[in-house]
Amino acid sequence: MTSSSTFGRTLRGLGFLTVLFPLAATAQQQPTGYVAGTLLDQSTGQALPFTSVVVLRAQDSSFVAGAETLENGSFRLEKLGLGSYLLKTSAIGYQGFRRAVNLTTAAPGVQLGVIKLTSTTTQLKGVTVTGERATVENEPGKRVINVEKDLASVGGMATDVLRNVPSVAVDAGGSVSLRGSSNLTILIDGKPSGGSNGGPGLRLDQIPASRIASIEVMTNPSAKYDAQGTGVINIILKKQTKNGVNGTASLLGGTRDKYNASLSLNRKQGPANLSLSYNRQDETYRELVRNSQTSGLVTTRQDGTGLERNFSHSLDLGLNYELNKEQSLSLSVNPTWQQEANRAEQRLSTTRPNEPTTTQQGVQQLDVDVRILQNVANYRRTWEQHPGRELTATAGAVLIGADVPVTQTLESGALTSWRQQTDVKAQIYFSQLDFTLPLAHDKGKLETGLKVEQQRSQGNSDLFSQQPDAPGGYLRDPARSLAYDYRQTVPAAYATYQRGWANHWNAQAGLRTEYTRVNGAVEGGLGQFDLDYLGLFPTASVSHRFGQRDTAKANEQPQQLSFSYARRLNRPGFMQQLAVPIYQDPRFYRLGNPTLRAEFSHNLELGHQLNLPGGAEITTTLFGRFTNNSIQRLRDVDTVATNRNPAAGLVLVETYRNLGNTTNVGLELTWSQPITAWWKVQANGSIYRAQLQTNALDAGSRRALSGTVRLNQNFSPTPALDVQLTGSYRSATLTAQGRQLATGGLEVALRQRLWQNRAALTLRVSDLLNTQVRRAEVNSPELQSTLYTKPETRVGWLGFTWYIGASKAKAGRIEAAPAGGGGFGG
């Protein structure tokens, strides 16, 4: 394909959407108004500072503006267009306040005066308890996890937080899946971050929970988001906006050599807001491995132990500057250094008919050194005369460097010791322009945008054989060493239209187009691929609130019915396409497939939400995902490597292939209920039917019924003590050649606030019963295997947090650091 034709196809793919990009000058001018007032405690008359106040559109309850009250309890929300709104307040331990507000030409401003909130504090046998927001909140099109209120994340990473999220499963190795699929798009503050669900980039199991304010999980994202992945996980980091110097400092220790520390500071002075955060991780984990493989008449076993140490430093520097009332500029620099040292000792045994069993003692040493530098700049423009109109421009780069030496030593055989040195250099460059235009009379809004993202990766994989007379004892083997180059460019454009109608109807429709150009090759032209394709990804959603109004909650309707559709794709990662072997141990390695192609899916959801008197909430979701050209992992026997070292027995290779179609249809149910004023329960479960219709001889068509269940209980026995107990279970799941077996666990966490909420002491025990394991089975015509790994999952964590400035510990909120396992490549 010539460069001119490629450029032409790009223009055709973007052209029809870019004409939809509106000009700012065409919007209708609207007068602006305001809402102001002061919040006081009804019983004491004291001011309620730092209380959340939001304004929603009365027509569809969509968010318009929000702020926190000042030290004297006063608030003022400005730049509001004329129309009807609903004002809501949210304060821990107080009943919510709601009032309809109508801004007109004659009265564009409303002064509510003094508003007295009623305390929800309840006295139970001398024990005072207060209310708090839910840990998991359901919003249209997404679920929001309030990390600061999740005690199960004490001593945890982002993966520990996600364990409590409906639709999401996290195995003992830290791999995250959404409704059975590990193909996810991971964003930080809505931007690409180099984050990965296993790989050399910034992993979810290495992002401390102490840095995270909330996590958004979108199972059917709108056209505004990248089409890549089954869904989107957006990690929103903490930000301070209070004047002066504020922040937190935390120390955390875990059983058996696990230590973490974090410091977060913020200084706001006038138009400038400076932030700095530092996180240090030093954790050691142990694991037990027992694997067995049979091919034909040969059976091999691996029994061993592993010791893994994770060490990392992360620094985040940020500046936000308000150029004027309508324009702001923000810059952030985030360098991260991650190291992993993993030593595994294994006893390898091989059994053949009519021959004695042979054994070898093997030692593997893995050292991973990853350096990540993320730089992001953002410009935001609003219009005082046109509330809701917004233009944002973002540009950034993520630079990744990884050094991965692996040394394997066997006590006997033709190849007793060898070393693989893998070096990776990857870069992600992106720029994005988004524009939001509210329509007249609060009828809805139009969003459009353009984005370009490029990923590059270069690296080498050198194999060294042991040679006593060579410098350092190892000599590079040119025949088994290689270098590679990979590049992917994706320009995209989108447009979405959202509209609300009377009687609480709301709808959104969008279309996104993405042109993909991807090419790569191993040095010498081996495994070369060069692909380009254009995709259209429509999205649509409609929702309706109905039922008898709850007079205690103003205009809120107790029920909501919603339907959504989205077309998505899964582009293979560069390690899945490049023919570069990555050794995991003497008997197993992974190898990319240059013929691998993207998979496409249709995703549908039908949801119902019911709010009952007393605070109970029940959410039911029917979902279906229908995937074409499905990408699956396959294991096989490498006969060449097996014959090269017969004493080692069977050598397995794992690769990837497109294997026909898969279907996932299921049901999710979430129930949240305050049992008493001091006891709240949230339960969620899912059950889905997975079907794999393959076109491969070594992976037959299969189907299975799978499910998950999770029960989360929160207790507040005293005003300053929070307790959380969580139990979870995931049934066996289907794979291309077998299944991954069931697993489950129980966790308990406590948090005691001290010295008038100036400090907090946290305690958490993960996997209390020590039941979380990784077990899998492979059953194919050529290979039968059982895989068993028991990581160190039962860990006790004790942490202390000091709050600086205006920051204070709040009910249900935790500030503590992280933990994670897993190695290079997941």
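Here the structure is a predicted model, which means the values were calculated and not measured.
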Under the 3.5 angstrom rule, does the side chain of [X] hit a backbone N or O of [Y] as a donor-acceptor pair?
{"X": "Asn320", "Y": "Leu274", "result": "no"}
{"X": "Asn310", "Y": "Glu283", "result": "no"}
{"X": "Lys258", "Y": "Thr284", "result": "yes"}
{"X": "Arg753", "Y": "Pro719", "result": "yes"}
{"X": "Ser250", "Y": "Thr801", "result": "no"}
{"X": "Ser312", "Y": "Trp337", "result": "no"}
{"X": "Thr676", "Y": "Trp678", "result": "yes"}
{"X": "Arg794", "Y": "Leu768", "result": "yes"}
{"X": "Thr255", "Y": "Gly796", "result": "yes"}

Please examine the side chains of [Y] and [X], heavy atoms only from C-beta on, and report whether any two atoms are closer than 4.5 Å.
{"X": "Val333", "Y": "Leu373", "value": "yes"}
{"X": "Trp802", "Y": "Leu251", "value": "no"}
{"X": "Asn684", "Y": "Leu669", "value": "no"}
{"X": "Leu315", "Y": "Asn279", "value": "no"}
{"X": "Ile115", "Y": "Leu117", "value": "yes"}
{"X": "Tyr225", "Y": "Met218", "value": "yes"}
{"X": "Leu86", "Y": "Lys88", "value": "yes"}
{"X": "Leu711", "Y": "Val681", "value": "yes"}

Minimum heavy-atom separation for [X] and [Y], please, with both atom names.
{"X": "Pro674", "Y": "Ala616", "answer": "CD-N, 4.1 Å"}
{"X": "Gly744", "Y": "Gln772", "answer": "O-CG, 3.4 Å"}
{"X": "Asn712", "Y": "Thr726", "answer": "OD1-OG1, 3.1 Å"}
{"X": "Gly254", "Y": "Val795", "answer": "CA-CG1, 4.4 Å"}
{"X": "Val232", "Y": "Pro221", "answer": "CG2-CG, 3.5 Å"}
{"X": "Ser332", "Y": "Asp316", "answer": "CB-OD1, 4.5 Å"}

Electrostatic pair [X]:[Y] at N-O distance under 4.0 angstrom:
{"X": "Asp257", "Y": "Arg309", "result": "no"}
{"X": "Glu287", "Y": "Lys790", "result": "no"}
{"X": "Lys268", "Y": "Glu322", "result": "no"}

What is the distance from atom [atom1] of [X] to atom [atom2] of [Y], rounded to the nearest 0.5 Å?
{"X": "Asn378", "Y": "Ser328", "atom1": "CG", "atom2": "OG", "answer": "7.0 Å"}
{"X": "Glu617", "Y": "Gln673", "atom1": "CD", "atom2": "CD", "answer": "11.0 Å"}
{"X": "Asn266", "Y": "Asn273", "atom1": "CG", "atom2": "CG", "answer": "4.0 Å"}
{"X": "Ser314", "Y": "Gln281", "atom1": "OG", "atom2": "CD", "answer": "10.0 Å"}
{"X": "Phe97", "Y": "Leu48", "atom1": "CZ", "atom2": "CG", "answer": "12.5 Å"}
{"X": "Arg76", "Y": "Leu112", "atom1": "CZ", "atom2": "CG", "answer": "11.5 Å"}

Quiz prompt | Full working for side chain to side chain contact (heavy atoms under 4.5 Å, CB included) between Phe75 and Leu39 | solution = CA-CA 8 Å; Phe75 67 89; Leu39 300 185; 4.1 Å; yes
Practice problem: Step by step, work out the side chain to side chain contact (heavy atoms under 4.5 Å, CB included) result for Val723 and Asn714. | Solution: CA-CA 6 Å; Val723 181; Asn714 292 274; over 6 Å; no
Quiz item: Out of Leu763, Val765, Asn260, which one pairs with Trp797 under the side-chain contact (heavy atoms from CB on, under 4.5 Å) rule?
Solution: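 In the set Leu763, Val765, Asn260, the residue that makes a side-chain contact (heavy atoms from CB on, under 4.5 Å) with Trp797 is Asn260.
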Self-check item: With Tyr85, the side-chain contact (heavy atoms from CB on, under 4.5 Å) member among Val110, Val55, Leu77
Solution: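 So, applying the side-chain contact (heavy atoms from CB on, under 4.5 Å) to Tyr85 and each of Val110, Val55, Leu77, only Val55 qualifies.
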Exercise. Show your reasoning for whether side-chain hydrogen bond (donor to acceptor under 3.5 Å, both in side chains) applies to Thr793 and Asp767.
Key: CA-CA 6 Å; Thr793 52; Asp767 194 13; 2.4 Å; yes
Quiz item: Between Trp679 and Gln713, does any side-chain donor sit less than 3.5 Å from a side-chain acceptor?
Solution: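 The criterion, which ignores hydrogens and geometry beyond distance, is satisfied for Gln713 and Trp679.
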Practice problem: Carefully, step by step, assess Thr670 and Glu668 under the rule side chain to side chain contact (heavy atoms under 4.5 Å, CB included). | Solution: CA-CA 7 Å; Thr670 300; Glu668 291 177 350; 5.8 Å; no
Practice problem: Dump the intermediate steps for side-chain hydrogen bond (donor to acceptor under 3.5 Å, both in side chains) on Ser74 and Thr38, then the final yes or no. | Solution: CA-CA 4 Å; Ser74 66; Thr38 302; 5.2 Å; no
Quiz item: How are the rings of Trp755 and Phe800 set to each other: parallel, tilted or perpendicular (split at 30° and 60°)?
Solution: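 Geometry flag for Phe800 against Trp755: perpendicular rings.
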Exercise. Start with the C-alpha gap between His608 and Gln559, add the side-chain angles, then the distance that decides, and say whether side-chain hydrogen bond (donor to acceptor under 3.5 Å, both in side chains) holds.
Key: CA-CA 7 Å; His608 178 261; Gln559 297 189 63; 2.7 Å; yes
Quiz item: For Ser766, which residues count as a side-chain hydrogen bond (donor to acceptor under 3.5 Å, both in side chains) partner, sequence neighbours excluded?
Solution: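 Partners of Ser766 under the side-chain hydrogen bond (donor to acceptor under 3.5 Å, both in side chains) test: none.
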Practice problem: Run the numbers on Leu87 and Arg98 for side chain to side chain contact (heavy atoms under 4.5 Å, CB included), then give the verdict. | Solution: CA-CA 6 Å; Leu87 182 135; Arg98 301 162 185 260; over 6 Å; no
